[in-house]
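Computed from heavy atoms alone, side chains included, the values below leave out hydrogens, waters and symmetry copies. Note that the numbering runs from 1 along the sequence shown for the chain.
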Amino acid sequence: MERYYRYSRYLKKKYGVKTYKLPVNLPLTCPNRDGFLGTSGCAYCGEEGAAFVHAEFPLTIQEQLLSIKSHIGKRYGAEKFIA
């Protein structure tokens, strides 16, 4: 028996198939890194931060979602997504 109810399991039960999370790169600072609340980050992102891609030409949120959805869909045969 699992010690906790995993979010991935909840999504699969709710939607009937594995649901993939789509990362979004936003031009924001992090209060746990910018000195407002701290400088060392938190448990949610690695040492480099949460930015997964540093595009030479920034994409809109919609363009990012469509691009990564296409990539993950092809690579894993994914059908359902959340941002």
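Taken from NZ in Lys80 to NZ in Lys14, the straight-line distance is 10.5 Å, to the nearest 0.5 Å.
Partner Leu22 forms a side chain to side chain contact (heavy atoms under 4.5 Å, CB included) with one of Ile82, Ile68, Leu66 and no other, that one being Ile68.
Relative to the ring axis of Tyr15, Lys12 does not place its NZ or CZ within 45° and under 6.0 Å from the centre.
Under the 4.5 Å side-chain contact rule for hydrophobic residues, Tyr76 and Leu65 share a cluster. There is no path of hydrophobic side-chain contacts, each under 4.5 Å, that joins Val24 to Leu11.
For Gln64 (side chain) and Leu59 (main-chain N/O), a donor-acceptor pair under 3.5 Å exists by modelled atom type.
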(message) Let's go through Arg6 and Tyr4 carefully: what are the C-alpha distance in whole Å and the side-chain angles of both, what is the deciding distance for side-chain contact (heavy atoms from CB on, under 4.5 Å) to 0.1 Å, and is it a yes or a no?
(response) CA-CA 6 Å; Arg6 292 186 324 216; Tyr4 61 92; 3.6 Å; yes

(request) Determine, step by step, whether Tyr5 and Lys13 satisfy the side-chain contact (heavy atoms from CB on, under 4.5 Å) criterion, reporting the C-alpha distance in whole Å, the side-chain angles of both residues, the deciding distance to 0.1 Å, and the verdict. (result) CA-CA 11 Å; Tyr5 190 47; Lys13 183 176 180 181; 3.6 Å; yes

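Using a 30° and 60° split on the angle between ring planes, Phe81 and Tyr20 fall in the tilted class, from 30° to 60°.
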